[in-house]
Asks: 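Input: one structure, supplied below.
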Amino acid sequence: MKSEPNVFSIDDLSVAADQTTCWDGVRNYQARNSLRDQIKLGDGVLFYHSNVELIGIAGEAVVVREGYPDYTAFDPKDVHFDPRSDPKSPTWYMVDIKFVRTCRGIISLQRLREIPALKQMRVLQRGMRLSVQPVTSGEWRAIMMLPQWT
DNA sequence: GCCAACGTTGGC
DNA sequence: GCCAACGTTGGC
């Protein structure tokens with residue numbers, strides 16, 4: 001999951017109530033499908049900092065609630081309000097994630113590009129803008145072997 | 001600040 | 001249903 005740390009960072013997650021947050025505001029259909037259909041309770045989450053000087057993986061989280069309607073779409077006062085999302089048949093979904101740990105130093109995008117096992121990783125492909133992306137088990141294992149987790 | 005990538009919108 | 005225009009994302 002990608003986040004701009006000046007908006008919401010891994011540190012923000014670590015001090016949030018119950019160290020948990022709802023991943024609201026995703027307004028892209030492909031990412032919506034992941035949130036609604038694919039992401040399961042207990043799934044690991046790589047927390048990625050984007051659009052910042054030090055781009056890369058900043059920490060780990062875990063899914064603690066599976067897809068449910070993103071209620072911020074129903075609130076006209078919310079920045080993520082979307083009048084087309086009908087509460088009876090919601091357009092947008094979110095999951096809840098909980099903090100697990102912070103990396104000992106960001107695992108930079110540059111570093112990720114050097115790892116052969118991550119050649120196909122979605123976030124490394126050009127033009128990949130999705131804010132929620134699947135990670136394969138092979139990619140997960142390769143990333144978890146890095147020294148920043150110890 | 002630039003600009004490539006790409007999703008969305010809307011005229012036809 | 002096509003596609004040009006436009007807006008956003010996000011690395012550089």
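These figures come from a predicted structure and were not determined experimentally. Numbered from 1 within each chain, the chains take letters A, B, ... in sequence-line order.
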Asks: Evaluate the ring planes of A/Phe8 and A/Trp23, with Trp represented by its six-membered ring, and classify them as parallel (under 30°), tilted (30 to 60°) or perpendicular (over 60°).
Replies: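 Rings of A/Phe8 and A/Trp23: perpendicular, over 60°.
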Asks: Please encode protein proximity along nucleotides 5-11 of chain B as a string of B, S and -, counting only heavy-atom distances under 4.0 Å.
Replies: BBSSS--
Asks: If you take all heavy atoms of A/Gly25 and A/Asp70, which pair is closest and at what distance?
Replies: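 Scanning both residues, the minimum pair turns out to be N-OD2, 2.8 Å.
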Asks: Tell me which one of A/Tyr68, A/Phe81, A/Tyr29 satisfies ring pair (Phe, Tyr, Trp, His ring centres under 6.0 Å) with A/Trp92.
Replies: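 When A/Tyr68, A/Phe81, A/Tyr29 are each tested with A/Trp92, the ring pair (Phe, Tyr, Trp, His ring centres under 6.0 Å) holds only for A/Tyr29.
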Asks: Between the side chains of A/Arg27 and A/Ser85, does any donor sit under 3.5 Å from an acceptor?
Replies: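 Note: A/Arg27 and A/Ser85 side chains miss the donor-acceptor criterion.
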Asks: Is the cationic atom of A/Arg101 (NZ for Lys, CZ for Arg) positioned less than 6.0 Å from the six-membered ring centroid of A/Phe99 and within 45 degrees of its normal?
Replies: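 Not satisfied by the 6.0 Å and 45° rule.
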